[in-house]
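Quick notes on the structure that follows.
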Amino acid sequence: MVIAILPDGSKRELPDGASVMQLAESIGKGLAKAAIAGRVDGKVVDLSHKLVGEHQVSIVTDRDPDALLVLRHSTAHVMAEAIQRIWPKALLAYGPALETGFYYDIALDQPISSSDFEKIEKEMAAIIAEDRPFSRYELSFDEGMKRLQSEGNKYKVDNAQRAQAGGAVSLSWYATGQSGKNWEDLCMGPHIPSTGKIKAFKVVSVASSNWHGDVKLDRFQRIYGTAFFDKKQLEEHFKLQEEARKRDHRVIGPALGLFTIDEKVGQGLILWKPKGAVVRQELQNFIGMHLKRQGYQQVFTPHIGRLDLYKTSGHFPYYRESQFPPLVDREFISAKAEEGCTCAQLSNLMETGEIEGYLLKPMNCPMHIRIYASEQRSYRDLPIRLAEFGTVYRWEKSGELGGMTRVRGFTQDDAHLFCMEEQVAAEVQGCLELVKIILGTLGMKDYRVRVGLRDPDSAKYVGDPAQWDRAEAACLAAAESLGVNFSKEPGEAAFYGPKIDFVVKDVIGREWQLGTVQVDYQLPQRFELEYIGADNKPHRPVMIHRAPFGSMERFIGVLIEHFNGAFPLWLSPVQVAVLSISEKFNDYGQQVVNQLKEAGLRVEFDNSGDKIGAKIRKYTLEKVPYMLIVGEKEQAEGKVAVRHRTEGDKGAVSLTEFVTKATTAVGERQ
RNA sequence: GCUGCCAUAGCUCAGUGGUAGAGCGCCACCUUGGUAAGGUGGAGGUCCAGGGUUCAAGCCCCUGUGGCAGCUCCA
């Protein structure tokens, strides 16, 4: 006897071995028709899944978010079959569903390009039109393995072995149709009942990928697609993507004159234009205020430092792959040349760092450490908090660069806190408070917090396990006190200590790490830092690295998207535009402009011969918060007609009233 | 770095081997106006760079540079 406990708590009895579909039918015809899959004790299963005993069962229809994942996984099968029809030599590896679609990794010598998509889609449409059922069958592990080996697809063999390692005792296949007659794939499922349920789909893109994500292993062509239960949703999906593209900081940023990237200057190097510089400067002033309050001291350090410094810190050569090559000492190079050193040999010396020279700094910490070490420190001085907007340079691979979010030169709102171990918890908490203030002021609520812990099985993490435990406990406690949800992620720690990261999504849904707080026991040791304790003996301080914005480039890139280019008044590059009705009122307009400037506001004056409608349109598109329109009436009464970029006409007020309101809002960072 | 796609005016883009185009922007002139585009005219090109094929290349081929999507990486 099967007892199905439905979501409303009611029970339904069916004969043993009844399928989920039969359950759906027993509830109602409409439900059976809409059924895509079932959920048994929380796990999504096929409609054909046979029930035995008592379970919590619900029917998954197309309104259930899980249904979309099942549909997409099934569509991935259909796409794979279509691809194998066109290219019989294509070997399948792995084809999961995604939040926005699905992909299938395929090994095939011949490149598949976007011009092939139509052909693939045509084959897929044919398979869907046949409305073939997805039918599941299982083989014992040994039997299944024998079959896979005879088929000669090493990726599927590997998948099966991994399934076994995960505890599987049997292997399951899905035939798109009838086993033995139609296309089949080794697959855990679940799947939609039949291909006819796929009402809207599209092959979207192709990219390369590697087996198990390892660049040293076999390369695949990863074909992306997406699927929906109806055409409207599919169209909506692409429309949303297009809308997102319009918010992209790479589109908006240059259009609003915030920044530019110049091929002649170099890949991944940001040129901040005057308007972008205003935004950055305002943010820096804002954080500077809080740094003073929290007892930070400002420092400045150079952009290059001796290679030796970075050997001590461990950045070179350990991270040399992601650094610009060293700047070689001229004397050293001539001496080597006289010894008959070839270019190739010289290059090797640079690789290994056996060379006199300088490095463009990849991090600020070694410089701050040397400032700490320049004086004898007492426990009474601690914590010492050194802050700098420090520009660093990293050799990111060309394919990783893009916009302001991934660049080769960027400025961190960096600081290093040197403290006693018992001060770590309080200091980490202070850092988190700062991040919270920043995100709160800017109205950024959509972020997640990640506490990166060490993976005890990995050799990557250096240092004393007891210290790690204490540092991790301090980070977790600080994250706890933040009052927002956070995830613990073993293996995400820096090699020198645990960290707390703030991660946000961009308009395309890609995640970026912004603010970060990291506890470090390693660098103080490598640089043999000390302070004199109350016991008159030397002790080793602990360092905290922290950057609440992360980098100015990445942060502002994300910020542009967050505001869709419409910055709040205090951040707006141009806060007020004065628009004269006609050139007759330009003198009065100029007086208004002068007074606004006098009050410290950033103003632009449109005294051109354009009509007022055109002027309004121009500044609305430029997302200037306030437009002040001045004509005959305003001139006579000493007023300005206020228009807000989104709220429209706000009526006329005296100039002094506007100035008071605007400057107050700026002061309150609105 | 890898796979695929892309590169034409300041911007967005059209141009399938035979005399380089449009819209917006810019400049000038006319117009002097009341809350999202007034009119007319003009300037503006190394068709990403280098090489090749061809009587002839923006267009076809090769190499490089840069951009986009994804993979990988991200101290």
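To find a chain, count down the sequence lines: A is the first, B the second, and so on, and within it residues start at 1.
- Distances were taken from every side-chain heavy atom of A:Arg643 (C-beta onward) to each of B:rA36, B:rG38, B:rC71; the shortest belongs to B:rA36.
- In the model, A:Thr75 has no side-chain atom that pairs as donor or acceptor with a side-chain atom of A:His73 under 3.5 Å.
- At the phosphate of B:rU3, neither OP1 nor OP2 sits under 4.0 Å from any side-chain N or O atom of A:Gln221.
- An OP1 or OP2 oxygen of B:rC73 is reached within less than 4.0 angstrom by no side-chain nitrogen or oxygen of A:Arg406.
- Here A:Glu321 lies out of heavy-atom contact (under 4.0 Å) with every strand.
- The partner of B:rU40, taking Watson-Crick or G-U wobble pairs whose two distances both stay under 3.5 Å, is B:rA28.
- Contact annotation for A:Gly613: backbone-only contact, meaning every heavy-atom pair under 4.0 Å involves sugar-phosphate atoms and none involves a base.
- Ionic pairing of A:Lys246 and A:Asp248 is not present here: no N-O contact between side-chain nitrogen and carboxylate oxygen is shorter than 4.0 angstrom.
- Residue A:Arg554 places none of its side-chain N or O atoms closer than 4.0 Å to OP1 or OP2 of B:rC74.
- At a threshold of 4.0 angstrom between heavy atoms, the contacts of A:Ser113 are confined to the sugar-phosphate backbone, with no base atom among them.
- Within the nucleic acid shown, A:Ala641 comes within 4.0 Å of at least one base atom, counting heavy atoms only.
- A:Tyr496 comes within contact range of the sugar-phosphate backbone alone, with a heavy-atom separation under 4.0 Å but no base atom that close.
- Ring-plane geometry between A:Tyr626 and A:Phe658 is classed as perpendicular, the angle between the planes exceeding 60 degrees on a 0 to 90 degree scale with a lower cut at 30.
- Pairing for B:rU65 goes to B:rA7, judged as Watson-Crick or G-U wobble with the two contacts each under 3.5 Å.
- Residue contacts shown for A:Tyr103 are absent, as no nucleic acid heavy atom lies under 4.0 Å away.
- Distances shorter than 4.0 Å separate some side-chain N or O of A:Lys584 from OP1 or OP2 on B:rG33.
- Using bins of under 30°, 30° to 60° and over 60° for the plane-to-plane angle, the ring pair A:Tyr447/A:Phe502 lands in the tilted bin.
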